Amino acid sequence: MSKAKSSRDRRIAPSGVARVTRSSINPQDSQRTKPTDSGLVDDLSLMSVSEQQASLARQQRNYHVQGPERKGKSHQTSSPSTKAVLSSPSGSSVPRGALGTIGRLMKLGRVRNIVVVAGAGISTASGIPDFRTPGTGLYANLAKYDIPYPEAIFNIDYFSDNPHPFFSLAKELYPGHHRPNYVHYFIRMLHQKGLLLRMYTQNIDGLEKLCGIPDDKLVEAHGSFATAACHLCYTPYPAEEAKQAIMNGNVPICTFCAGAVKPNVVFFGEDLPEKYFQHAEDFPKADLLMIMGTSLKIEPFASLVNTVKSTVPRLLLNRDPVGPFERRPLRRCDYMELGDLSDSVRKLAEILGWHTEIQDLMNSHENGLCSYTDPSNSSGDNSDSSETDSMH
């Protein structure tokens, strides 16, 4: 596993102190803000109040929200806030609000470099549990492993003393049982439209690669199951041999130092991969930040969302407000759409006119008959390399 040179940029347990030293970005390195028209300024002025309006509407039960927190039911009523529209360049109309305004920015061509920050929530529709949802999350179901606290199963010091709990869990986490969902293919569509600058994912499920997002557009900030190494001396170890040993209930052993070998999934207390530090170049270039399905609890990953320019729109698509979106009032350029992630992403795709395209892409790719050829991905988009679950 490639190790970052700075030992201070580490993933740490939420109860610890985040030592973020390389996620702050010099504003002088940022690109100049593009000129805006008066209509765009009016749209941007909606950002600071969009979440407050949504909150009021939800309290009045007039806001359409879907998701586990609403027991799977959808409430849709007619109200001025849900009927308001914005005119699009094509002459059609789109709903006013977070998704409507972001959709308009994209259709106007004001957005050309999108950075996506994603957590375990993007994979729940694929049948993979997230980490922190009470009752159903991974951390709520670890009692059978007899560990002192849930996060211990991903703590490198605990692993060094007792690797068996993680290896027992790893049998369930190894890839091959799940497929990408609509959210993954929406992100791939961003790439195909030439809008995806980079995707930063906390997930180790490999579904981003599996749906065809190329390696050069993807940063797996918390590692993957694709490679393995000794946790002490970092000597590489054949990933397939490590998997076979783990599946057979054995601990793979390093031939150099006799330490326990593990997949190159980043544990609490380990350095992040070198590729993660690409954020210092990517985030100053972003003109839209999309944050999807994450609790923003794990540092330093969580602080990445604060490193775009203050004039850059940030769109949170999530079940609950998290990170800077918990503050009131919201930053002027912040948008928030709460509820079921798949539903929210589908609504945005419909506003953009991409829904049918995404459905066709999903069907053809999942059937192994994808006819799309991506000229920017010489290695091919139909990669079947995979990993499992997210350190969310």
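We're numbering straight along the sequence, starting at 1. Quantities reported herein were computed from a predicted structural model and do not represent experimental measurements.
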**Prompt:** Rounded to the nearest 0.5 Å, how far apart are CE of Met290 and OH of Tyr335?
**Reply:** 12.0 Å

**Request:** With sequence neighbours excluded, tell me which residues meet side chain to side chain donor-acceptor pair (under 3.5 Å) with Tyr200.
**Result:** Asp282

**Fill in**
In this structure, CG of Leu99 is separated from NZ of Lys347 (nearest 0.5 Å) by 7.0 Å

**Asked** About how many Å separate CG of Asp320 and CE of Met336, when rounded to the nearest 0.5 Å?
**Response** 10.0 Å

**Request:** Look at the side-chain heavy atoms of Ile, Leu, Val, Met, Phe, Trp and Tyr, link any pair under 4.5 Å apart, and say whether Met106 and Tyr182 land in one connected group.
**Result:** yes

**Prompt:** So which heavy atom on Gly323 is nearest to which on Leu296, and how close?
**Reply:** CA-CD1, 4.1 Å

**hydrophobic_cluster_shared for Leu232 and Tyr237, side chain cutoff 4.5 Å** = no

**Prompt:** Quick one: are Val183 and Met292 in side-chain contact, heavy atoms under 4.5 Å?
**Reply:** yes

**Check: Leu315 and Ile291 side chains under 4.5 Å, non-hydrogen atoms** = no

**Any side-chain donor near an acceptor of the partner, Ser160 and His231, under 3.5 Å** = yes

**Item:** Cys211 and Arg179: CA distance, side-chain angles, deciding distance, side chain to side chain contact (heavy atoms under 4.5 Å, CB included) verdict
**Value:** CA-CA 8 Å; Cys211 82; Arg179 304 295 297 177; over 6 Å; no

**Prompt:** So, do Asn155 and Tyr149 sit near enough that their side-chain heavy atoms are less than 4.5 Å apart?
**Reply:** yes

**Request:** Answer yes or no: is there a donor N or O on one side and an acceptor on the other, between the side chain of Asn203 and the main chain of Gly119, under 3.5 Å?
**Result:** yes

**Complete:** All heavy atoms of Tyr276 vs all of Pro300, minimum pair found to be OH-O, 3.4 Å

**Request:** For Arg346, check side chain to side chain donor-acceptor pair (under 3.5 Å) against everything at least two apart and list the hits.
**Result:** none

**Flag side-chain contact, heavy atom, 4.5 Å: Leu288 against Val308** = no

**Prompt:** If we only count heavy atoms from C-beta on, is the Ile153 to Phe268 side-chain gap below 4.5 Å?
**Reply:** no

**Request:** First locate atom OG1 of Thr311, then atom CG of Asp287, and finally report the distance between them rounded to the nearest 0.5 Å.
**Result:** 10.0 Å

**Item:** Spacing of Arg198 atom CZ and Asp216 atom CG [to the nearest 0.5 Å]
**Value:** 7.0 Å

**Asked** How long is the gap from CG on Leu195 to CD1 on Ile114, to the nearest 0.5 Å?
**Response** 5.0 Å

**Request:** Give a yes or no on whether the backbone of Leu197 and the side-chain of Asn113 come within a donor-acceptor separation of less than 3.5 Å.
**Result:** no

**Item:** Steps toward side chain to side chain contact (heavy atoms under 4.5 Å, CB included) verdict (Asn264, Phe225)
**Value:** CA-CA 6 Å; Asn264 283 330; Phe225 281 90; over 6 Å; no

**Message:** Whether the Asn306 and Arg331 side chains hold a donor-acceptor pair (N or O, under 3.5 Å, no angle test) is what I'd like checked.
**Reply:** no

**Donor-acceptor contact present, side-chain Asp334 to main-chain Leu330, <3.5 Å** = no

**Complete:** Residues passing the salt bridge (charged side-chain N to carboxylate O under 4.0 Å, His left out) test with Lys193, sequence neighbours excluded, are Glu357

**Item:** Note, Leu196 side chain near Ile187 side chain (heavy atom, < 4.5 Å)
**Value:** yes

**Pair Phe159 and Phe154, ring centroids less than 6.0 Å apart** = no

**Asked** Taking all atoms of both residues into account, what is the closest heavy-atom pair of Ser123 and His184, and its distance?
**Response** OG-NE2, 3.5 Å

**Message:** For Tyr158, give me all partners under ring pair (Phe, Tyr, Trp, His ring centres under 6.0 Å), at least two apart in sequence or on another chain.
**Reply:** none

**Request:** Indicate, with yes or no, if the rings of Phe301 and His279 have centres closer together than 6.0 Å.
**Result:** no

**Prompt:** Is there a donor-acceptor pair under 3.5 Å between the side chain of Arg110 and the backbone N or O of Lys107?
**Reply:** no

**Results of side chain to side chain donor-acceptor pair (under 3.5 Å) for Ser168 - residues two or more places apart only** = none

**Prompt:** Do the side chains of Phe277 and Val219 get nearer than 4.5 Å, heavy atoms only?
**Reply:** no

**Prompt:** Would you call Glu270-Lys262 a salt bridge at under 4.0 Å N-O?
**Reply:** yes

**Asked** Hey, mind stepping through Ser344 and Glu337 against side chain to side chain donor-acceptor pair (under 3.5 Å) and telling me if it holds?
**Response** CA-CA 7 Å; Ser344 297; Glu337 182 78 5; 4.6 Å; no

**Request:** Could you tell me whether Asp215 and Lys209 make a salt bridge, using a distance below 4.0 angstrom between a side-chain N and a carboxylate O?
**Result:** yes

**Sidechain-backbone polar pair: Arg314 side chain, Val305 backbone, donor-acceptor under 3.5 Å** = yes

**Message:** For Tyr185 together with His365, are the ring centres under 6.0 Å from each other?
**Reply:** yes

**Verdict with reasoning, Val265 to Ile204, per side chain to side chain contact (heavy atoms under 4.5 Å, CB included)** = CA-CA 7 Å; Val265 174; Ile204 55 176; 3.5 Å; yes

**Item:** Minimal non-hydrogen separation, Ala118 against Met199, with atom names
**Value:** CB-CE, 3.7 Å

**Message:** Minimum heavy-atom separation for Ala221 and Pro273, please, with both atom names.
**Reply:** O-CD, 3.2 Å

**Item:** Flag side-chain contact, heavy atom, 4.5 Å: Ile156 against Phe166
**Value:** no

**Prompt:** Phe186 and Asn181: side chain to side chain contact (heavy atoms under 4.5 Å, CB included), yes or no, with the steps?
**Reply:** CA-CA 9 Å; Phe186 174 84; Asn181 63 62; over 6 Å; no

Can you give each donor-acceptor pair under 3.5 Å made by side-chain atoms of residues 244-258, sequence neighbours left out, with the distance rounded to 0.1 Å?
from, atom 1, to, atom 2, distance (Å)
Gln244, NE2, Glu240, OE2, 3.0
Asn248, ND2, Gln244, O, 3.0

**Item:** Donor-acceptor under 3.5 Å (Ser364 side chain, Leu361 main chain)
**Value:** yes

**Prompt:** Same hydrophobic cluster for Val261 and Val266, using side-chain heavy-atom links shorter than 4.5 Å among ILVMFWY?
**Reply:** no

**Prompt:** Minimum heavy-atom separation for Ser310 to Cys333, with atom names?
**Reply:** O-SG, 3.8 Å

